[in-house]
J.: 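Here it is: the structure, laid out below.
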Protein chains: 2
Amino acid sequence: MTVTLRRTSRPSPSSDQGEAPQRRLGRPRCEDSRRSILKAAIALLKTNDLPAISADAIAERAGVSKATIYRWWPNKSAIVMEAFLEMVAPHTRFPETDSAMEDLRVHLGRVAEVCQSDIGRMLRTLIADSQANAELAAAMRAHYFSVRRADARKVIERGIASGEFRGDLDTEAAIDCLYGPIVFRLMINPVAPDAEFVNRMIALLRQAFLKRSDRRNVTGR
Amino acid sequence: MTVTLRRTSRPSPSSDQGEAPQRRLGRPRCEDSRRSILKAAIALLKTNDLPAISADAIAERAGVSKATIYRWWPNKSAIVMEAFLEMVAPHTRFPETDSAMEDLRVHLGRVAEVCQSDIGRMLRTLIADSQANAELAAAMRAHYFSVRRADARKVIERGIASGEFRGDLDTEAAIDCLYGPIVFRLMINPVAPDAEFVNRMIALLRQAFLKRSDRRNVTGR
DNA sequence: GTACATACGATACGCCTAGTATCATATATC
DNA sequence: GATATATGATACTAGGCGTATCGTATGTAC
């Protein structure tokens with residue numbers, strides 16, 4: 001699945017609905033160019049913030065004409081988002097053990113790990129850019145955050161169903177309490193969240209998640 | 001106290017330490033200009049994102065020469081931050097009732113309310129801009145976030161001391177769990193957090209904060 | 001008052017970047 | 001071969017950031 005934030009002026013291939021994988025007329029889009037543009041954007045983001053990257057720089061590094069870039073993407077943010085979603089968006093799946101709490105802890109640990117990498121910088125950059133780019137913000141929510149939330153929701157609901165979590169646990173609030181601190185830390189703190197941070201968080205939250213009878217032998221830090 | 005992110009090239013009035021309120025030689029800085037610049041920046045931010053505001057626009061609206069702006073501030077972000085800290089940074093104090101938990105809840109409710117106003121947009125903008133501006137980020141931490149944290153820390157420690165909160169409550173993690181979800185929501189969600197959001201969060205977190213004996217009659221939503 | 005130091009306003013300027021436009025050329029379908 | 005679309009090269013417009021200059025205003029020191 002390719003998530004492209006297309007140029008608004010770009011007409012859709014066929015009528016506005018239906019996947020219609022039918023071939024279009026004329027020379028087809030060059031897949032190599034597309035991929036090398038995304039890769040160039042990612043490479044440049046590893047050492048630069050987004051405002052420091054110019055479309056020309058991406059074009060040069062990708063060995064592509066700038067016109068080609070703007071034919072397919074409306075702006076820099078769109079490129080970065082597509083690159084992020086397609087090439088680096090964590091395929092950090094949730095583990096599936098007997099303990100939903102443990103699944104959450106392990107997963108968040110991985111998220112924290114990812115935050116410390118170049119991907120963390122990309123995420124920060126994208127969230128930041130979303131503040132001044134409603135289209136990007138909407139795309140990030142639709143293609144990234146809501147997916148994460150759905151995953152987490154499943155784990156939490158499984159925990160509730162199994163009796164591990166309180167029956168009246170507020171799932172949505174729980175998700176916010178899990179991801180919120182990490183994003184908070186990512187955006188505000190100069191040093192990205194790490195495993196210890198996650199463990200402390202989880203140690204605190206488990207009091208609120210677990211059924212009374214399960215709250216004893218707690219470790220997690 | 002005026003928090004200015006000064007031009008780095010600007011020499012300090014006297015030797016590099018000591019407040020030295022002594023008058024400098026020459027024409028003194030025009031306080032009216034300074035304030036009208038800050039007010040202009042705030043006014044423009046109410047309807048625009050930061051990238052959409054130009055230094056020229058601020059200068060024009062403030063009735064001031066652009067050169068005057070750059071004499072005192074190194075860039076737009078610095079202006080906005082100073083305006084934010086000096087003129088709108090919530091003097092949202094914490095209430096002080098018998099219940100630390102209730103103090104936290106009421107305070108966060110006020111924070112959420114603030115997030116829904118123009119101030120929320122400024123805060124979003126500043127956090128976003130911090131991602132590409134280390135100096136701004138450091139200033140925000142030093143003059144805003146660490147202050148908020150210190151306030152919250154005091155309340156939590158009071159709650160621990162009074163026996164309302166668990167003795168082993170992890171204060172720093174608790175702060176992250178309180179503010180994290182709000183900032184998370186502020187940055188990701190198109191609609192800013194509100195009182196109901198806070199109440200649900202608090203209802204969840206109180207299970208983790210309160211001593212066992214106090215967890216019964218819970219409402220908060 | 002005069003000398004000096006600094007701030008302010010107006011304005012022009014250099015530089016960089018985003019995004020557009022044009023046109024020749026390449027590559028697909030019919 | 002006709003048609004439709006993509007790419008490359010390049011020039012171009014528009015606008016913003018931040019600097020520089022210079023004349024003028026406003027304070028202190030003597």
Side-chain angles (χ1 to χ4, degrees), chain A residues 4-14 20-37 40-41 44 48-80 129 132-133 135-136, chain B residues 4-14 20-37 40-41 44 48-80 129 132-133 135-136:
Chain A
T4 307
L5 208 58
R6 297 234 176 241
R7 296 183 61 82
T8 54
S9 60
R10 211 74 205 159
S12 53
S14 56
Q22 72 191 7
R23 265 190 157 349
R24 300 191 55 175
L25 228 51
R27 176 174 173 177
R29 180 178 184 180
C30 176
E31 185 63 16
D32 282 354
S33 297
R34 179 180 156 273
R35 298 204 55 219
S36 62
I37 289 168
L44 288 170
N48 300 279
D49 296 305
L50 194 138
I53 297 174
S54 65
D56 296 82
I58 296 177
E60 187 183 6
R61 179 165 191 131
V64 150
S65 166
K66 190 168 65 157
T68 302
I69 291 181
Y70 281 105
R71 185 188 306 279
W72 296 104
W73 291 277
N75 49 52
K76 271 191 300 184
S77 305
I79 302 174
V80 175
D129 232 51
N133 184 335
E135 201 182 351
L136 173 63
Chain B
T4 307
L5 209 59
R6 299 235 174 238
R7 295 181 63 80
T8 53
S9 59
R10 211 74 205 158
S12 52
S14 55
Q22 70 189 12
R23 266 200 159 337
R24 299 192 55 177
L25 229 50
R27 177 176 172 176
R29 179 177 184 181
C30 176
E31 184 62 17
D32 282 356
S33 296
R34 179 179 156 275
R35 299 203 54 219
S36 64
I37 289 168
L44 289 170
N48 300 280
D49 296 306
L50 193 139
I53 298 175
S54 65
D56 296 81
I58 296 177
E60 186 182 7
R61 179 164 190 130
V64 150
S65 167
K66 190 168 67 157
T68 301
I69 291 181
Y70 281 105
R71 185 188 306 279
W72 296 104
W73 291 276
N75 50 51
K76 272 192 298 183
S77 304
I79 302 173
V80 175
D129 232 51
N133 183 336
E135 201 182 350
L136 173 64

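Reminder, nothing fancy here: chain letters follow the sequence lines and each chain counts from 1. Keep in mind the model is a prediction, meaning the values are calculated, not measured.
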J.: The side chain of B:D56 lies closest to which of these nucleotides: C:dA7, C:dA18, D:dC17?
T.: D:dC17
J.: Rounded to the Å, how far apart are A:N48 CG and C:dT17 P?
T.: 11 Å
J.: Rounded off to whole Å, could you give me the CG-to-C1' distance for the B:D49 and D:dG16 pair?
T.: 16 Å
J.: I need the minimum non-hydrogen distance between B:S77 and B:L136, along with the two atoms involved.
T.: CB-CD2, 3.6 Å
J.: What is the separation between atom CH2 on A:W73 and atom C1' on C:dT20, rounded to the nearest whole Å?
T.: 18 Å
J.: Nearest whole angstrom, please: distance from the C1' of C:dA18 to the CG of A:L50.
T.: 12 Å
J.: To the nearest Å, give me how far apart CD (B:E31) and P (C:dA7) are.
T.: 14 Å
J.: Below 4.0 angstrom from OP1 or OP2 of C:dT20, is there any side-chain N or O of A:Y70?
T.: no
J.: Has the side chain of B:R27 got a donor or acceptor that lies under 3.5 Å from a partner of the other kind on the base of C:dA5?
T.: no
J.: As a quick check of understanding, evaluate side-chain contact (heavy atoms from CB on, under 4.5 Å) for B:V80 and B:D129, giving each step before the final call.
T.: CA-CA 10 Å; B:V80 175; B:D129 232 51; over 6 Å; no
J.: With respect to the side chain of B:N75, which nucleotide from D:dG18, C:dA7, C:dA18 is positioned closest?
T.: D:dG18
J.: Looking at A:S65 and A:A59, what are the two nearest heavy atoms and their distance?
T.: C-CB, 4.2 Å
J.: Between A:V64 and A:T68, what is the shortest heavy-atom contact and its length?
T.: CG1-CB, 3.8 Å
J.: Need to verify one output field. Residue with the more 5' nearest nucleotide on DNA chain D, A:C30 or B:K76?
T.: A:C30
J.: Specify the separation, in whole Å, of atom CZ of B:R29 and atom C1' of C:dG9.
T.: 16 Å
J.: Does a nitrogen or oxygen in the side chain of B:W72 sit under 4.0 Å from OP1 or OP2 of C:dC8?
T.: yes
J.: Identify, between B:L25 and B:P51, the residue whose nearest nucleotide on DNA chain D lies closer to the 5' end.
T.: B:P51
J.: Can you tell me the distance, in whole Å, between the CD1 atom of A:I69 and the C1' atom of D:dA6?
T.: 14 Å
J.: Pick the nucleotide of DNA chain C nearest each of A:P28 and A:I53; which residue has the one closer to the 5' end?
T.: A:I53
J.: Between D:dG16, C:dA5, D:dG8, which one does the side chain of B:S54 approach most closely?
T.: D:dG16
J.: Remember a base hit wins even if backbone is also touched, and classify A:A67 as base, sugar-phosphate or nothing at under 4.0 Å, heavy atoms.
T.: base
J.: Mind calculating the distance between CD1 (A:I58) and C1' (C:dG19) to the nearest angstrom?
T.: 13 Å
J.: Identify the two heavy atoms, one from A:K76 and one from A:L50, that lie closest to each other, and give their separation to 0.1 Å.
T.: NZ-O, 3.1 Å
J.: Using a cut-off of strictly less than 4.0 Å, decide whether B:S65 has a side-chain nitrogen or oxygen near OP1 or OP2 of C:dC8.
T.: no
J.: What's the verdict on side-chain contact (heavy atoms from CB on, under 4.5 Å) for B:I37 and B:W72, showing C-alpha distance, side-chain angles and the deciding distance?
T.: CA-CA 11 Å; B:I37 289 168; B:W72 296 104; over 6 Å; no
J.: In terms of the nearest nucleotide of DNA chain C, which residue is placed more toward the 5' end: B:G63 or B:G26?
T.: B:G26
J.: For C:dG19, does the base pair up with any side-chain atom of A:K66 as donor and acceptor (N or O, under 3.5 Å, distance only)?
T.: yes
